[in-house]
Amino acid sequence: MIYDLIIIGLGPAGLTASIYASRYELKHALIGSLKGGTASESHLVENYPGFESISGQELMENFFNQAKKYRPEFLYTKADQISKNKNVFEIRTNEGKIIKTKSIILALGVQHRALCIPGEKKFLGRGVSYCPTCDGPLFKNKIIAVAGGGDSALTSALYLSKIAKKIYLIYRKEVFRAQALWQTKLEEEKKIKKILNNQIKEIKGVGVVNEIILNKPYQNKKSLKINGLFIEIGVIPSKEFNLTPPLKLKKDSAGYIIVNYRQETNISGLFAAGDITSPADKLKQIITASAEGAISAVNAYRFLTKRTTRI
Ligand SMILES: Cc1cc2nc3c(=O)[nH]c(=O)nc-3n(C[C@H](O)[C@H](O)[C@H](O)COP(=O)(O)OP(=O)(O)OC[C@H]3O[C@@H](n4cnc5c(N)ncnc54)[C@H](O)[C@@H]3O)c2cc1C
């Protein structure tokens, strides 16, 4: 069997693409492992129109249920390799299954950037986390640190302040780069101690995290006793699958996929949408990822039906 379209990624871009693809009656399936994508990690979304305040998980559950209503296939796996034989793409999943399709939308999103310091890998899941919404509740009344100074770091620290006893928010620069609104809220939260112009050098512990070593002393101490560390220092594009030559996807210098206004990549029949697309500094939000998902599905339909006129 050959699908019209395979969407890789179950975040806002992929799920919105599916809703549009269903309405154009494209025979399609979605491949992904994390239902709702990174959006489901947001403890509170307050900037998606139509919802004054909703958890990322609930919002993405709504996206998922709306997409599911049209009965596309969901394949809970990872795409490992993509090749093309004449005009048909072949996607190999990490279980070795081959899926054939005439077109693809890559909606892979981004991954968390790591600090790359000693102890980070060793204590991952044992005090080190990249997901406050998932792991925050484990640190009730504990002392934790958050590394980072952007929106994700500040919103994470604010969220964690409702759970933990004390939070150190550690940022390497002198001024946070998060939106002003989050900085104002931060000032009001007394549990959060700001440590600016400083960096974490090493994570230590016995079995689990119990200490971080700083680059410079903070209140005359070069280390802090903590129970957990949340790393929120930005993202890098997901690059979890391989393309078989001669397929070569054009990317920018930061690794984001280059697309045109139709979300077309340089490979005919291969589209990309959401946070994975260039430029690196574009607005990476649910609303923009969803919009790109919709555009990519409409243009996949045009590609499949050879339609050039307005839909
Ligand atoms: C903590 C946090 C809070 C946020 N808060 C907000 C907010 O309040 N408002 C807002 O608008 N935005 C927010 N964002 C940003 C928003 O979540 C993203 O912009 C949005 O999720 C991007 O959607 P996407 O579909 O492009 O990618 P993602 O949501 O990242 O989804 C990508 C999907 O692709 C899957 N995938 C990757 N590689 C493969 C592969 N090889 N095979 C199969 N599947 C694969 C992933 O598992 C995932 O399911 C937040 C993000 C974070 C991390």
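First listed ligand is number 1; within each ligand, the first listed atom is number 1.
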query = Who's the nearest protein heavy-atom neighbour of atom 49 (O) of ligand 1, and how far?
reply = Leu34 O, 2.8 Å
query = Does Ala289 reach ligand 1 with a nitrogen or oxygen that is under 3.5 Å from one of the ligand's nitrogen or oxygen atoms?
reply = no
Carboxylate-amine/guanidinium contact Asp4 Lys102, below 4.0 Å = yes
request  = For residues Ile104 and Leu5, determine if any side-chain heavy atom of one lies less than 4.5 Å from a side-chain heavy atom of the other.
outcome  = no
task = Look at atom 30 (O) of ligand 1 and say which protein heavy atom is nearest, naming residue and atom and giving the distance to 0.1 Å.
result = Thr38 OG1, 2.9 Å
message = Any nitrogen or oxygen of Lys284, side chain or backbone, less than 3.5 Å from one on ligand 1?
response = yes
message = I need the atoms of ligand 1 closer than 4.0 Å to a non-hydrogen atom of Asn47, numbered in the order shown.
response = 7 (C), 8 (O), 9 (N), 10 (C), 11 (O)
ask   = Should Ser238 be counted as touching ligand 1, given the test is an N or O pair under 3.5 Å?
value = no
task = Evaluate the side-chain hydrogen bond (donor to acceptor under 3.5 Å, both in side chains) criterion for residues Tyr218 and Lys216: first the C-alpha distance (whole Å), next the side-chain angles of each, then the deciding distance (0.1 Å), finally the verdict.
result = CA-CA 7 Å; Tyr218 165 73; Lys216 293 182 214 156; over 6 Å; no
ask   = Between His28 and Thr101, is any pair of side-chain heavy atoms under 4.5 Å apart?
value = no
ask   = Would you call Lys35 and Glu61 a salt bridge, taking side-chain N to carboxylate O under 4.0 Å as the test?
value = yes
query = Atoms of ligand 1 less than 4.0 Å from Ser33 heavy atoms?
reply = 47 (O)
ask   = What do we get for Val235 next to ligand 1 when only non-hydrogen atoms under 4.0 Å count, side chain, backbone, both or neither?
value = neither
request  = For atom 19 (O) of ligand 1, grab the closest protein heavy atom and report residue, atom and distance to one decimal in Å.
outcome  = Asp275 OD2, 2.9 Å
task = Do me a favour and list the nearest non-hydrogen protein atom to atom 13 (C) of ligand 1 with residue, atom name and distance?
result = Gln285 NE2, 3.6 Å
key: Interfacing atoms of ligand 1 (cut-off 4.0 Å, heavy-atom, Gly274)   = 26 (O)
query = How about Tyr3 and Phe89: are their ring centroids closer than 6.0 Å?
reply = no
note = Per-atom filter on ligand 1: closer than 4.0 angstrom to a heavy atom of Gly32 are 43 (C), 44 (N)
ask   = How close does the nearest protein non-hydrogen atom get to atom 11 (O) of ligand 1, and which residue and atom is it?
value = Ile286 N, 2.9 Å
ask   = Given the side-chain rings of Tyr130 and Phe230, with only the six-membered ring counted for Trp, is the space between their centroids under 6.0 Å?
value = no
request  = Kindly identify the option in Leu106, Leu108, Ile287 whose heavy atom sits closest to atom 39 (C) of ligand 1.
outcome  = Leu108
key: Glu174 side-chain N/O to Leu196 backbone N/O, donor-acceptor pair under 3.5 Å   = no
query = With a cut-off of under 6.0 Å to the ring centre and 45° to the axis, is Lys251 in cation-pi contact with Tyr256?
reply = no
ask   = Which bit of Ala107 gets closer than 4.0 Å to ligand 1, counting heavy atoms only: side chain, backbone, both or neither?
value = backbone
request  = With heavy atoms of Ser42 as the reference, note each atom of ligand 1 found under 4.0 Å away.
outcome  = 3 (C), 4 (C), 5 (N), 6 (C), 8 (O)
query = Are any of the side-chain heavy atoms of Ile167 and Val146 separated by less than 4.5 Å?
reply = yes
ask   = Evaluating non-hydrogen atoms only, which member of Gly11, Ala79, Ser55 is closest to atom 42 (N) of ligand 1?
value = Ala79
ask   = Which ligand 1 atoms, with their elements, are less than 4.0 angstrom from a heavy-atom of Ala39?
value = 17 (O), 21 (O), 29 (O)
key: Enumerated ligand 1 atoms positioned under 4.0 Å from heavy atoms of Gly9   = 33 (C), 34 (O), 35 (C)
key: Test side chain to side chain contact (heavy atoms under 4.5 Å, CB included) applied to Glu202 and Ser223, step by step   = CA-CA 9 Å; Glu202 191 177 347; Ser223 72; over 6 Å; no
key: Distance from atom 27 (O) of ligand 1 to nearest protein heavy atom, with residue and atom   = Gly109 CA, 3.3 Å
ask   = Do Ser152 and ligand 1 have an N or O pair less than 3.5 Å apart?
value = no
query = Looking only at protein heavy atoms, which one is nearest to atom 1 (C) of ligand 1, and how far off is it?
reply = Glu41 O, 4.2 Å
ask   = Which protein heavy atom lies closest to atom 25 (O) of ligand 1, and at what distance to 0.1 Å?
value = Ala13 N, 2.9 Å
query = Quick one: which ligand 1 atoms are inside 4.0 Å of a heavy atom on Leu10?
reply = 33 (C), 49 (O)
query = Taking N or O atoms only and a 3.5 Å limit, does Ile8 qualify as a polar contact for ligand 1?
reply = no
inquiry  = On the six-membered ring of Phe176, is Lys173 placed so that its NZ or CZ lies under 6.0 angstrom from the centre and within 45° of the ring axis?
reply    = no
ask   = Is the number of heavy atoms from other residues, nucleotides or ligands within 6.0 Å of NZ (Lys282) greater than 12?
value = yes
message = Applying salt bridge (charged side-chain N to carboxylate O under 4.0 Å, His left out), can you list everything that pairs with Glu211, at least two apart in sequence or on another chain?
response = Lys225
